[in-house]
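What follows is one structure encoded as structure tokens, with my remarks underneath.
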Amino acid sequence: MIGIFDSGIGGMTVARAVEQLLPEYSILYLGDIARTPYGTKSPETIIDYSLRNTEFLLEKGSEMIVIACNTASSVATERLRQEFKVPIVEVITPAVQEVIARTRTGRIGVIGTRATIRSNIYEKTLNSLHPDYKVYSEACPLLVPLVEEGWMNKRETKMILRRYLHPLINKQIDTLVLGCTHYPLLKELIQPRIGRRVTLVDSSIETARYLEKFLRENPQVVSRPAGEVTHTYYVTDLTDSAQQVATHIFKRNVELKLV
Ligand code: DGL
């Protein structure tokens, strides 16, 4: 079984991509809605929550962990790898690999939560591999609550996006990392505002592809169910807005189980 966690429901963009690419595996998802958002919290708190989420998923039988949250991936991956023996996949490496494959000019934009941008993880990782790349980052703290309110198509969201993206347009980037689980849900609004020529890197899709490759190369890590494949979605709090966003992401009714 593949264990996937996120600070809330945004990580379901990763879980959905995994369901589609790896239909032969069972998935156990934990969305820590009770303690969301992580993006405004300190690294210590994010690490503490991530440790507990991982323990929960392992107790329930997960054989590996996917950190489907950019914020937790940015600050907690190293600690989780020290604490737990199972393979841990995060969302930064797959996105970075895709950036390297796609950029032509080496001018890259990154948007994410405050904690992700403060960690400087994308810039550090990209520059360790390509010191000549220019990486420009923008924290976009208002986007997560707007998505959670279902304000994907409101005028206010478009205005705020324009404001956040403006400094990146001036930097003439050719690639933009959507460095937060919620941002794939704003892709259609982001693309025309950042410019059609800019390639958007969606960390949810890239993580699912990365996981597919990992499991093809390491099939012994996760067992395939002999019987029916199960997809179980746990949440630490059950709210109307979570249910709505989950339905929006999966385009079907998903039963959220409270733990
Ligand atoms: N899941 C978080 C991320 O990808 C966004 C929501 C939050 O701040 O907890 O960064």
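Residues: numbered from 1 along the sequence shown. Numbering of ligands and ligand atoms starts at 1, following listing order.
The protein heavy atom nearest to atom 8 (O) of ligand 1 is Gly39 N, 2.8 Å. Protein heavy atom closest to atom 10 (O) of ligand 1, with residue, atom name and distance, is Thr71 OG1, 2.6 Å. Protein heavy atom closest to atom 1 (N) of ligand 1, with residue, atom name and distance, is Asp6 OD1, 2.8 Å.
Contacts with ligand 1 closer than 4.0 Å are made by heavy atoms of both the backbone and the side chain of Thr181. With a 4.0 Å cut-off on non-hydrogen atoms, Thr113 touches ligand 1 through its side chain and not its backbone.
A heavy-atom separation below 4.0 Å is found between Cys180 and ligand 1.
Of the charged side-chain nitrogens involved, at least one lies within less than 4.0 Å of a carboxylate oxygen, so that Arg252 and Glu19 count as a salt-bridged pair.
Ligand 1 places these atoms under 4.0 Å from at least one heavy atom of Tyr38: 7 (C), 8 (O), 9 (O). Contact atoms of ligand 1 toward Thr36: 9 (O) (distance under 4.0 Å to a heavy atom of the residue).
A ring-centre distance under 6.0 Å is found for Phe56 and Tyr234.
Geometrically, Arg16 does not engage Phe250 in a cation-pi contact, judged by NZ or CZ lying under 6.0 Å from the ring centre and within 45° of the ring axis.
Checked by distance only, ligand 1 and His182 stay at 3.5 Å or farther apart across all their nitrogen or oxygen atoms. Distances between N or O atoms of Asn70 and those of ligand 1 include at least one value under 3.5 Å.
In terms of modelled atom types and a separation under 3.5 Å, the side chain of Thr77 and the main chain of Ser73 share a donor-acceptor contact. The closest donor-acceptor contact from the side chain of Ser74 to the backbone of Asn70 lies under 3.5 Å.
By heavy-atom distance, the residue among Cys69, Ser74, Ser7 lying nearest atom 9 (O) of ligand 1 is Ser7.
Taking the side-chain hydrogen bond (donor to acceptor under 3.5 Å, both in side chains) definition, one finds that Glu83 meets it with Arg79, sequence neighbours left out.
Cluster annotation: Ile9 is connected to Leu186 through the hydrophobic network of ILVMFWY side chains, with a link wherever side-chain heavy atoms come within less than 4.5 Å.
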Test ring pair (Phe, Tyr, Trp, His ring centres under 6.0 Å) applied to Tyr38 and Tyr49, step by step: CA-CA 9 Å; Tyr38 286 11; Tyr49 293 169; 5.4 Å; yes
